[in-house]
Protein chains: 2
Amino acid sequence: MSEDFDLGAFLPYRLNRAAELVSLRFAAQYRARYQMTRPEWRALAALGFHGRMTATEIGAHSTMHKTKVSRAVKALETRRWLRRIEDRNDRRTEHLELTALGLRSYRDLAKMAQDYEGELASLLGAGGLKQLERGLTALEDAMLSGTGDRQPNSQSKPVAKHGER
Amino acid sequence: MSEDFDLGAFLPYRLNRAAELVSLRFAAQYRARYQMTRPEWRALAALGFHGRMTATEIGAHSTMHKTKVSRAVKALETRRWLRRIEDRNDRRTEHLELTALGLRSYRDLAKMAQDYEGELASLLGAGGLKQLERGLTALEDAMLSGTGDRQPNSQSKPVAKHGER
DNA sequence: TCGTAACGGTTGATTTTGCAACTATCAAGA
DNA sequence: TCTTGATAGTTGCAAAATCAACCGTTACGA
């Protein structure tokens, strides 16, 4: 059966699995506490951590598609956790900023995140954690700078479907 | 703003990002070549690699929800890439097996996967790869054995037999 | 040998996503 | 000024993921 391809060792497979295991557990926490979705938490975290930023910046930062960001922002706005501030020089963009309410929630969630991180760290042990972090750093560097953009077209027959324009 | 929580270093965040970057690029390949979805590729890979197995086993292995597996299997069956084999002792379960056609596609895809893995490895460098792998192993061990909790499945199973490696 | 609970798997409804097309704005030329 | 082409962000819609209920079957204790 197995020829020489080892599925269990295949990096995308392992990474996905790991990411799922790690983030689902945390997602369950903020979901239970605030009924918030993952994109919402991500946007909130970005804003809380970096302070005022635009939707596009949030997207770039958290690798979320702009529609996801748009909807997450709308949801947070509805909760009155953030407000939009227009740019005087460019009326297309809007700067986003957490309200006091939003900031409070952010702090609470950041605390939870830290706790969770500590939990993970102790589960992993110092050695495992360090290796994982280094490995991830290497990967990030490789993926982002190594090949420039993110259009996947290395080898393989393209059967381009949509696309023109 | 930032207090002491560092979003950019938050493990779930980094892992998700990494997993996305790595698997999306590969997903684009098999999608372009065979018009197949991620669950389909996963099911195919599991079957191709492990040989005959049941839908539940596939799910346990690839951490896919049973409905996802069910639909992926149906799709693969429609393509005539797999066949169902009934169990003589238990008429609820069905064993799944790739057809010759399915096996051929699996081999082709496994080849692509290997190529991709090689590409990743060279991007990462020997050191980075090794660290990432070790870190992932540590994480897997920690998450799976460290705390018995499993996914939020309505019908959870008693600790899947992860003969994994 | 019932009755009940659990299991393997499927289906339909609901929610979430991703893509494409759209609005509105800006910027640079001709 | 009038085009043409980007850019920021939103929205409609179709594909995909999730959830809950379901069917037929099996396991097991009373």
Side-chain angles (χ1 to χ4, degrees), chain A residues 16 19-20 23-24 27-28 31 35-43 52-78 82-96 150-152 160-165, chain B residues 16 20 23-24 27-28 30-32 35-43 52-78 82-96 150-161:
Chain A
N16 262 303
E20 220 163 282
S23 65
L24 246 55
R31 213 169 108 197
Q35 263 78 30
M36 69 194 310
T37 67
R38 227 175 50 140
E40 286 165 40
W41 149 247
R42 281 196 184 195
R52 177 189 296 197
M53 60 199 300
T54 70
T56 302
E57 288 168 338
I58 294 177
H61 234 286
S62 47
T63 31
M64 284 200 288
H65 191 81
K66 60 180 183 170
T67 63
K68 237 193 226 173
V69 175
S70 172
R71 290 188 247 250
V73 164
K74 196 200 281 180
L76 293 177
E77 190 188 23
T78 304
L82 69 76
R83 74 175 71 86
R84 301 172 196 247
I85 293 158
E86 61 182 48
D87 184 317
R88 244 180 274 298
N89 305 322
D90 185 342
R91 272 185 295 174
R92 288 171 304 180
T93 75
E94 41 193 18
H95 303 272
L96 306 168
R150 324 167 44 204
Q151 274 316 78
K161 15 179 24 176
H162 37 256
E164 53 268 73
R165 179 198 145 66
Chain B
N16 263 302
E20 223 162 279
S23 65
L24 245 55
Y30 56 71
R31 211 170 113 195
Q35 265 78 28
M36 69 194 308
T37 67
R38 227 174 52 137
E40 286 163 40
W41 149 248
R42 283 196 183 194
R52 177 188 296 197
M53 60 199 300
T54 70
T56 302
E57 287 168 339
I58 293 177
H61 234 286
S62 46
T63 30
M64 283 201 288
H65 190 84
K66 60 181 184 169
T67 63
K68 241 193 230 173
V69 175
S70 172
R71 283 171 172 129
V73 164
K74 196 202 280 179
L76 294 177
E77 190 187 24
T78 304
L82 69 74
R83 75 176 71 88
R84 301 172 195 248
I85 293 157
E86 62 182 45
D87 185 318
R88 242 180 276 297
N89 305 322
D90 186 341
R91 272 185 294 174
R92 289 172 304 180
T93 76
E94 40 194 19
H95 303 273
L96 306 168
R150 302 279 299 146
Q151 269 180 267
N153 256 353
S154 22
Q155 296 148 349
S156 59
K157 77 180 74 279
V159 177
K161 64 286 135 151

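All chains are named by letter (A, B, ...) in the order of the sequence lines, taking the proteins before the strands, and each is independently numbered beginning at 1.
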Would you indicate whether the side-chain heavy atoms of Y30(B) and R38(B) approach each other to under 4.5 Å? yes
Counting any heavy atom closer than 4.0 Å, what does K68(B) reach on the DNA or RNA strands: base, sugar-phosphate only, or nothing? sugar-phosphate
Just to be sure I understand the rule, does T54(B) reach a base, reach only the sugar-phosphate, or reach nothing, if contact means heavy atoms closer than 4.0 Å? sugar-phosphate
If I take atom CG in residue L82(B) and atom C1' in nucleotide dG9(C), what distance separates them, rounded to the nearest angstrom? 14 Å
So which nucleotide from dC19(D), dC26(C), dT11(D) ends up closest to the side chain of D90(A)? dC26(C)
Which nucleotide in the set dT10(C), dA16(D), dA20(C) lies at the smallest distance from any side-chain heavy atom of T37(B)? dA16(D)
Phosphate OP1/OP2 of dG9(C): any S70(B) side-chain N/O under 4.0 Å: no
Find the distance H65(B):NE2 to dA21(D):C1' and express it as a whole number of Å. 12 Å
What is the distance, rounded to the nearest whole Å, between atom NZ of K74(A) and atom P of dG9(D)? 15 Å
Atom CG of L24(A) and atom C1' of dT16(C) are separated, to the nearest Å, by 15 Å
Please determine, for the side chain of A55(A), which listed nucleotide (dT17(C), dT10(D), dG9(D)) has the closest atom? dG9(D)
Interatomic distance, R52(A) atom CZ to E57(A) atom CD [nearest 0.5 angstrom]: 11.0 Å
Residue-phosphate contact under 4.0 Å: R91(A) side-chain N/O, dC26(C) OP1/OP2: yes
With the side chain defined as heavy atoms from C-beta on, R92(B) is closest, among dA21(C), dC7(C), dG9(C), to dC7(C)
Which part of the nucleic acid, if any, lies within contact of N89(A), taking any heavy atom under 4.0 Å across all strands shown: a base, the sugar-phosphate backbone alone, or nothing? sugar-phosphate
side-chain N/O R84(A) vs dA8(D) OP1/OP2, d < 4.0 Å: no
Just so I know, are the side chains of K66(B) and T56(B) near enough to count as touching, which here means a heavy-atom distance under 4.5 Å? no
note: E94(B), atom CD; dT26(D), atom P; distance rounded to Å ~ 13 Å
Looking at five pairs on each end of the helix from dT1(C)-dA30(D) to dA30(C)-dT1(D), what is the angle between the two axes, given to 10 degrees? 10°
Looking for any heavy atom pair under 4.0 Å, which part of the strands does R71(B) touch: base, sugar-phosphate only, or nothing? base
Want to settle it: does K66(A) or P39(A) sit nearer the 5' end of DNA chain C, counting the closest nucleotide to each? P39(A)
R84(B) and L96(B): side chain to side chain contact (heavy atoms under 4.5 Å, CB included), yes or no, with the steps? CA-CA 5 Å; R84(B) 301 172 195 248; L96(B) 306 168; 3.7 Å; yes
Would you say that P39(A) contacts M64(A) through its side chain, given a criterion of any heavy-atom pair below 4.5 Å between the two side chains? yes
Take atom CZ of R38(A) and atom P of dT18(D), then tell me their distance rounded to the nearest Å. 10 Å
Check whether any side-chain heavy atom of R42(B) sits under 4.5 Å from a side-chain heavy atom of N16(A), and report yes or no. yes
Residue pair V73(A) / L82(A), side-chain heavy-atom distance below 4.5 Å: yes
T56(B) side chain N/O closer than 4.0 Å to the phosphate oxygens (OP1, OP2) of dG9(C)? yes
Given that V73(B) and D87(A) both sit by DNA chain C, which one's nearest nucleotide is further toward the 5' end? V73(B)
Partners passing side chain to side chain donor-acceptor pair (under 3.5 Å) against R92(B) (at least two apart in sequence or in another chain): D90(B)
Distance check needed: dA8(D) P versus H95(A) NE2, whole Å only. 11 Å
Can you tell me how far C1' of dA24(C) sits from CD of E86(A), to the nearest Å? 14 Å
Heavy atoms only, 4.0 Å cut-off, all strands: where does R88(B) land among base, sugar-phosphate and nothing? nothing
